[in-house]
Amino acid sequence: MTDSGTLPSRHFIRQIIDRDVAAGKNGGNVVTRFPPEPNGYLHIGHAKSICLNFGLAQEYGGQCHLRYDDTNPAAEDVEYVDAIETDVRWLGFDWGEHHYFASDYFEQFYQFAEELIRKGKAYVCTLSPEDFKDYRGAPTRPGKESPSRNRPSEESLDLFRRMRAGEFADGQYVLRAKIDMASPNLHLRDPVLYRIKRLHHHRTGDDWCIYPMYDFAHGISDAIEGITHSICTLEFEVHRPLYDWILDQISVPCHPQQIEFARLNLTYTVMSKRRLLQLAQEKRVSGWDDPRMPTLCGMRRRGYTPAAIRAFCETIGVTKYDSMTEVALLEHCVREDLNKRALRRMAVLNPLKVIITNLPDTAGIDVEAVNNPEDPEAGKRAMAFTREIFIEREDFAEEPPPKYFRLAPGKSVRLRYAGFITCERVEHDDTTGEVTAVHCRWEPPDTKVKVKATIHWVSAEHARPVEVRLYDRLFTVPDPMEDKDADFKAHLNPDSLKIVTGYAEPALLDARPGEFFQFERTGYFCADAKDSLPGTPVFNQTVALKDLRVKG
RNA sequence: UGCCGGAUGGUGUAAUGGUAGCACAGCAGACUCUGAAUCUGCUUGUCUAGGUUCGAAUCCUAGUCCGGCAACCA
């Protein structure tokens, strides 16, 4: 069973593993890995991969490793390492003892590289970067062999050792695999295995001035760790022959199977670390964890729950073709989870004062409110109902349109848990004509009144102003990347954040950071984990309630 | 123009030679002290053309369209 209660589909990766296990391949074991590069924060696309890899390991009683693919110090940073761990753990997964860094294997990579050279399968190439590019050819044109290609092994070995020793300048020489310059697959045209880069590495410091390329390091890392199924995204499909070639040439303990699946695309957002970094750096959002970002830290701050994200990842499935998932599906999963668990509270986001004419000035009435109709265990609470209350401005219409069920002159509505009111008189601002207050007659809950709507309210005397942040989609178009020549930032939604002062019932004031609620009839909100202070919560709108009212 | 991969309602997916199903979205209704939730019903689909077969989304051929690949990135 999944989080959403449905049976998981046997998507193609499950079918492959089913067959492997049945055939006794790898002794029937399943070992996967999640291999992020620590150069940015994790987003919902990574969540798909995390749920897949950790989920598969769980299902088959195997193991999933967390391994940092930190072979290029240029953009990598410890800041990201810590954040990645927090996010994976938050999503609900545990790597146990299996926490690795590709950089821990640098010496082994190096030894395997020497093995390749000794076997005549790799050589140090002294072509300049420009010549290198020229010699590579093009998809429709075969490449040319480098003059270095037939350098004797001993000479390449010597050169490679001197590369490691720091005798050459950055970029001066590279180690290349000796495969086939005429291959229709560009990745097989003697790909670079090692480059010289004098960069400080976040873990190995200045121990190395040569760093292995992804294609060389990744498969070997998988093999060292005994990975059985190395699951990655579609763009690595053309790398697979190289992945296999490398593992076939050297004395690694096993040969994992690379399987590719389609990455997640979500409407109204972007999903690349580079572009998310850009939004954060250019202050288009408050940071990687801005609640509008599709990052896991952003979603966490927004109030999305791990269970909702896991259910979403199961629902979208796993295939080999590109798709664009509607963000509405994610929002559905969030509502589904929160509906079961969120405590109900009342908060008025755009207040209109209502004066109850037949209630005395001083006396308030205690009413009992249900904390969560979906969960009797959640209990009840008392709310003070007083002569002056706030209701939502949009719950009153001086000239109600057709099918308007709520308060209007001469019309009645139910106040949630507090009886009925009937509008008797409307006060206006003399200059603007704006409605400033509504006078109503009140009748207790046991009165037989037929109304079509129930509205929420707070006591004007007891409610407290709170900062509420309302969010809309970050972009105005479903696919901001559709036009590849245009700047995706041109599609940013200028109204994606609205800050309002809401009036919250007292029970909301001691909300703990991160605690989530349903504001009745409005939506799900959570106390911001960064900006809330004791007794002064700031609320982020997680997702609005579905609104089935007739529009217009 | 080369190579690799792919194509099922508006969207995401299932069906693995035997009734095209599920979810989201949309629409309609029931119920309701949240116009929420819940429940019911409805609309909409196998890229095209051939072929194999009693029978094809599924197998074959050709075409069309889409994505990826020419970092000393991952």
Side-chain angles (χ1 to χ4, degrees), chain A residues 4 6-7 9-12 15 35-37 39 69-72 74-76 125 127 129 132-133 136-143 170-176 183-189 191-197 210-211 213-215 217-218 232-241 260 262 264 267 273-274 312 315-333 335-336 339-340 344 346 369-370 373-374 403-406 413-420 445 451-456 478 518-524 544-550:
Chain A
S4 59
T6 50
L7 281 171
S9 79
R10 303 314 291 170
H11 57 65
F12 79 100
Q15 293 181 34
E37 184 188 13
N39 67 347
D69 233 332
D70 55 350
T71 57
N72 180 11
E76 294 161 8
C125 180
L127 237 34
F132 182 95
K133 208 172 170 183
R136 185 176 41 219
T140 51
R141 175 164 50 84
D170 283 16
Q172 192 178 346
Y173 296 157
V174 291
L175 181 72
R176 301 178 72 175
S183 171
N185 183 339
L186 285 315
H187 297 279
L188 260 23
R189 317 245 263 229
V192 172
L193 265 22
Y194 266 92
R195 75 282 217 193
I196 305 172
K197 266 189 185 197
I210 55 170
Y211 290 98
M213 298 291 290
Y214 165 86
D215 287 303
H218 200 89
C232 61
T233 42
L234 246 30
E235 69 268 26
F236 292 102
E237 203 154 22
V238 283
H239 294 240
R240 183 165 12 111
E260 311 84 15
L264 171 68
T267 54
K273 283 194 268 189
R274 205 190 87 222
F312 171 72
T315 304
I316 56 175
V318 180
T319 66
K320 291 199 69 156
Y321 51 87
D322 299 293
S323 60
M324 177 73 81
T325 299
E326 288 178 346
V327 71
L329 182 57
L330 211 209
E331 292 174 341
H332 163 80
C333 292
R335 288 193 194 97
E336 191 176 50
N339 177 48
K340 292 180 296 195
R344 270 56 169 179
M346 294 211 234
V370 174
E374 304 287 323
K403 292 247 201 157
Y404 187 86
F405 301 156
R406 292 160 283 163
V413 281
R414 189 192 332 258
L415 293 176
R416 183 82 156 147
Y417 303 122
F420 304 87
V451 292
K452 293 197 81 167
T454 299
I455 63 173
H456 61 284
Q518 183 196 99
F519 290 0
E520 293 219 29
R521 300 209 316 128
T522 305
Y524 295 97
L545 246 33
K546 276 213 278 185
D547 183 0
L548 299 182
R549 286 175 281 191
V550 289

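Letters A, B, ... mirror the listed sequences (proteins, then strands); counts begin at 1.
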In plain terms, say whether A:K273 and A:E37 are close enough for a salt bridge, that is, a side-chain N and a carboxylate O under 4.0 Å apart.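 Here A:K273 does not pair with A:E37 in a salt bridge, since their nearest N and O are not under 4.0 Å apart.
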After noting the C-alpha distance and the side-chain angles of A:H456 and A:T522, does the key distance pass the side chain to side chain contact (heavy atoms under 4.5 Å, CB included) rule? CA-CA 9 Å; A:H456 61 284; A:T522 305; 3.9 Å; yes
Partner nucleotide of [N] by Watson-Crick or wobble geometry (both distances under 3.5 Å):
N	value
B:A74	none
B:U11	B:A23
B:G45	none
B:C39	B:G29
B:C54	B:G18
B:G5	B:C66

[atom1]-based separation of [M] from [N] [nearest Å]:
N	M	atom1	result
B:G9	B:C4	P	27 Å
B:G45	B:U58	C1'	16 Å
B:G17	B:U46	C1'	15 Å
B:C59	B:U16	P	11 Å
B:G41	B:C22	P	10 Å
B:A57	B:G6	C1'	15 Å
B:G10	B:G5	C1'	25 Å
B:A28	B:A15	C1'	29 Å

Could you check if the base of B:A71 is syn or anti? Syn means the glycosidic torsion is within 90 degrees of 0.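 Base orientation relative to the sugar is syn.
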For residues [X] and [Y], report the shortest heavy-atom separation together with the two atoms involved.
X	Y	result
A:Q518	A:R521	OE1-N, 4.3 Å
A:R344	A:E520	CB-OE2, 3.4 Å
A:F236	A:E260	C-CG, 4.3 Å
A:G419	A:R414	O-CG, 3.3 Å
A:F405	A:V413	O-CG1, 3.9 Å
A:R195	A:T71	NH1-O, 3.6 Å

What N/O pairs connect the protein and nucleotides 71-74 of chain B at under 3.5 Å? Give each pair on its own line.
residue, atom, partner, partner atom, Å
B:A71, OP2, A:R136, NH2, 2.9
B:C72, OP2, A:R136, NH1, 3.4
B:C72, N3, A:G171, O, 3.2
B:C72, N4, A:G171, O, 3.1
B:C73, OP2, A:R195, NE, 2.8
B:C73, OP2, A:R195, NH2, 2.6
B:C73, OP2, A:K197, NZ, 3.0
B:C73, O3', A:R195, NH2, 3.1
B:C73, O2', A:N72, ND2, 3.0
B:A74, OP1, A:T71, OG1, 2.8
B:A74, OP1, A:R195, NH1, 3.4
B:A74, OP1, A:R195, NH2, 3.0
B:A74, OP2, A:Y214, N, 2.8
B:A74, O3', A:D69, OD2, 3.4
B:A74, N6, A:H239, NE2, 3.1

A:N72 side, atom CG; A:Y214 side, atom OH - distance, nearest 0.5 Å: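 It is 14.0 Å, given to the nearest 0.5 Å.
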A:I455 side, atom CD1; A:L415 side, atom CG - distance, nearest 0.5 Å: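 Spacing of CD1 (A:I455) from CG (A:L415) equals 5.5 Å.
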Mapping A:R10 and A:A138 onto RNA chain B by nearest heavy atom, which one lands closer to the 5' end?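 That would be A:R10.
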So if I define the base as every atom that isn't primed, P, OP1 or OP2, how would nucleotides 5-12 of chain B read as a B/S/- string at a heavy-atom cutoff under 4.0 Å? SSSB-BSS
Treat primed atoms plus P, OP1 and OP2 as sugar-phosphate and everything else as base, then score nucleotides 28-38 of chain B 5' to 3': B for base contact with protein heavy atoms under 4.0 Å, S for sugar-phosphate contact only, - for none. -----BBBSS-
side-chain contact (heavy atoms from CB on, under 4.5 Å) with A:L193: which of A:L175, A:I210, A:D215?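 Among A:L175, A:I210, A:D215, the one that satisfies the side-chain contact (heavy atoms from CB on, under 4.5 Å) with A:L193 is A:L175.
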Just do the side chain to side chain contact (heavy atoms under 4.5 Å, CB included) check on A:L127 and A:R176 with the steps written out, would you? CA-CA 11 Å; A:L127 237 34; A:R176 301 178 72 175; 4.1 Å; yes
